[in-house]
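Just below is one structure, and these are the notes that go with it.
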Amino acid sequence: MARRFVLKTEPAHDRPPGLTIDYAGELNEQQLAAAAAGGGAHLVVAGAGTGKTRTHVLRVAYLVESGTPPEQILLLTFTRRAASEMLTRASALLDGRCQRVQGGTFHAFCLSLLRRHAERAGYPSNFTILDSGDAADVVDLVRNAAGLSRSGKRFPRKATLYAMISTAVNRQMRLDEVVEDRYPQFVDVLEGVERVATGYREYKSRHGLMDYDDLLMQAGMLLEREADICRVVASRCRHVLVDEYQDTNLLQARLVELFASVHGNVMAVGDDAQSIYRFRGANPDNIFDFPDRFEGARVMRLEHNYRSSQQILDLANYLITLASRRYDKRLFSSRPDGELPGLVAAPDEQTECRFVCQMISQLREEEVPLNRMAVLFRSGFNSYALELELNRRNIPFVKYGGVKLSEAAHIKDLIAHLRVVENPKDASAWNRILVLLEGVGPKTASDIIEWVAERDREPFAIEEKPFSPRYAESLIALFSMLRRLRSGELTLQDQIETLQVYYEPILKRKYYEDYPRRQQDLDHFSGIAAQFRSRAPFLESLALDPIELTALDAEGAVEDEPPLVLSTIHSAKGLEFDTVFVIQAIDGILPSAYSLRDTEALDEELRLLYVAVTRAERNLFVSYPILQHRRFEGEYFAKPSRYVVDVDESILEPIRLEEAPIEGRPELAPGRQDPARLPF
DNA sequence: TTTCCCAAGCTTTTT
DNA sequence: GCTTGGGAAA
């Protein structure tokens, strides 16, 4: 038995620091109090636009300057983008000294923990991460194996099953509670659901798979179970900073507690009025529970908004009063002079797009850079019509949110091959690549997977050919390709190329109709791979940070102008723009039709609109089409969003669109109009 | 057992 | 408009 010697925690703030940054000059009083706070637990309740990021950045700088080693600071954020932005800004302030701060999302940080201590967590260190699509596929495999796919009783589909399982984990509820609460229609098949859930759990651990929830849960369990690991990890977390605390779930709150369990220095920043991830299991009450969770916590507030004009804040303040839950928050601005936000009722979607495009062009002529303007919407598809119109007018844009390149079937096929090479036990990836072979269906695939699993020494060797000649040849081709990828002789770039050559005939067979378009995606994918040194980090990055399928590759973009931003409201969190357009403000879209029955869900939709509105600094336009097209039913009269329809005109000013009189010009055929001279 | 074809059902937000 | 599931032919 080794002897133990306990090192005392050295107080970090004893030394009166020789600071190079003038914090008092950079920050207001409230911000300064937060940025330069001492140790212990702090909750900073920061309204929208009150300089949350700035405070975080200077907090990091302050800690580093006052003697905390950068690698002992942990900055947890909601997205990778947010983490890298903050660290870049902090590094710029302190000539690169903040580079070594540990930063990233909860998921990424937990992943690195688990890789380092995989054995102790009961996993192989090359375990694979499943995104939600993969996870649903695994659930499907389990369900089929359990014979629950047979009809008779209605049984939830794979995505629903997985949603149930995931909700239970994230909210720390029992599965039966989740089903009773949120899926009452499936109460009578609860037993089957539970069998699938159990099977899913076993399947993952047998094949070295983790889904997103496992990253959090397994990391939490590891730290709780293995006191020595917990001590090592938490010792390195002299200061824990958490951004967007209102969107953490119970697991994440617990993790923060564990990370801070040695030093007890936590600063959580958040805004209860901006909680928009309840659907994913976020627990907005975490903010209110913070003082209970962390003894002696001090609560601070940031209320002075530097972002938006008072007119925009008036609308935001008004909106938040519509919530069924009270938020005691009134933001005030130092920019009193502004225009009223506008409400635009367009006759139809096409006209709404014309309005947005024309206003954008006009503002650009007034020297507002394109990338200081954003169009925000509830769901990814809400911008399709606008994207067409922007393309037609050669206005460059990027889109955040919506469909991800790495979720396209053909890209997932390629990724699955890489996953098998990386982790030959990954049965879900095996299944995916095997059923691509002609003559192989689910049954044969599962037989082959069994057969492979029995000989885990040399995973891709076929000595004898115990299989039907129907597919033996293609199976041998697959295995020899996998062997090459695994050999270690090829760079990642060459591996992808080999893979593409192998996959091309499959692509043509499977998608004979539109394979050229998909081929382009594959090339794009291969280009992205070029930024990575090897397979493992590439796969990891794909799993944690799926590639946004942006319209950036619009070939026709002549200008090198930074593009206009299109974004789902969720993806726009934390960003700010000179001008914001909120389009498709229709009842059933914003608020979403799925939330109409439930007041808590409705409140979240309202907060979503609140987030959208508070992104704007100077100009805000909320618009909706009166005549809306719906996929099946055709045209119908839309109801404007309940949140904007009754707002007083002194807060949200109606804007009437008028068509310019056409001056002696015959009407042009649609699609051939001259965009620059298009009248309203 | 696979594959093809047709009918049915559902469709959000993200790590 | 697309994916998913079921049924039947090969």
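Lettering of chains follows the sequences in order, A, B, ..., and the numbering in each one begins at 1. It should be emphasised that the depicted structure is a prediction, and the values quoted were computed from it without experimental measurement. Just so it is clear, the values below take in all heavy atoms, side chains as well, and ignore hydrogens, waters and symmetry mates.
For the pair A/E407 CD and B/dT12 P, the interatomic distance rounds to 12 Å; values are reported in whole Å. C/dT4 atom C1' lies 9 Å from atom CZ of A/R143, rounded to whole Å. Rounded to whole angstrom, the span from the OH atom of A/Y212 across to the P atom of B/dT13 amounts to 15 Å. Atom-to-atom, CG of A/L251 to C1' of B/dT15 comes out at 13 Å; the value is rounded to the nearest Å. Across the protein-nucleic acid pair, A/Y400 atom OH and B/dT15 atom P stand 13 Å apart, rounded to whole Å. Whole-Å rounding puts the A/R80 CZ to B/dT15 P distance at 10 Å. The interatomic distance linking A/Q252 (CD) with B/dT15 (C1') rounds to 8 Å, in whole Å. Rounded to whole Å, atom C1' of B/dT13 lies 15 Å from atom CG of A/L602.
Residues A/V138 and A/Y203 have side chains in contact (heavy-atom distance under 4.5 Å, counting atoms from C-beta outward).
Toward the 5' end of DNA chain B, the nearer of the two residues A/A445 and A/R280, judged by each one's closest nucleotide, is A/A445. Taking for each of A/A108 and A/S595 the nucleotide of DNA chain B with the nearest heavy atom, the 5'-most of the two is the partner of A/S595.
Counting only heavy atoms from C-beta on, A/T79 has its side chain closest to B/dT15 among B/dT1, B/dT15, B/dT13.
A/S571 has a side-chain polar atom (N or O) that falls below the 4.0 Å cut-off from OP1 or OP2 of B/dT14. Close to B/dT13, at under 4.0 Å from its OP1 or OP2, lies no side-chain N or O of A/S592. Distances shorter than 4.0 Å separate none of the side-chain N or O atoms of A/K443 from OP1 or OP2 on B/dT2. Side-chain nitrogen and oxygen atoms of A/R278 include none within less than 4.0 Å of the OP1 or OP2 phosphate oxygen of B/dT12.
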Output one line per pair: protein atom, nucleotide atom from nucleotides 3-5 of chain B, and distance, for all N/O pairs under 3.5 Å.
unit_1, atom_1, unit_2, atom_2, d
B/dT3, OP1, A/G439, N, 2.7

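Residue A/F106 is out of contact with every strand shown, counting any heavy-atom pair closer than 4.0 Å. Using a 4.0 Å heavy-atom distance criterion, A/S132 is classed as a base contact. Counting any heavy atom pair closer than 4.0 Å across all strands shown, A/R157 reaches sugar-phosphate atoms only and no base atom.
Applying the side-chain contact (heavy atoms from CB on, under 4.5 Å) criterion to A/A316, with sequence neighbours excluded, gives A/Y610, A/V613, A/T614. Qualifying side-chain contact (heavy atoms from CB on, under 4.5 Å) partners for A/S112, counting only residues two or more places apart in sequence or in other chains: A/F109, A/R116. In terms of the side-chain contact (heavy atoms from CB on, under 4.5 Å) criterion, residue partners of A/P284 (sequence neighbours excluded) are, by chain and number, A/S275. Residues satisfying the side chain to side chain donor-acceptor pair (under 3.5 Å) test with A/E438, not counting sequence neighbours, are none. Partners of A/Q520 according to the side-chain contact (heavy atoms from CB on, under 4.5 Å) rule, which considers only residues two or more places apart in sequence or in another chain, do not exist here.
In this structure, A/D140 pairs ionically with A/R143, as a charged nitrogen and a carboxylate oxygen lie closer than 4.0 Å.
Figure legend: cation-pi geometry between A/R81 and A/Y400, with NZ or CZ positioned under 6.0 Å from the six-membered ring centre and within 45° of its axis.
By the stacking rule of 5.5 Å between ring centres and under 30° between planes, A/F279 stacks on the base of B/dT13.
One N or O donor and one acceptor, one from the side chain of A/R378 and one from the base of B/dT12, sit under 3.5 Å apart.
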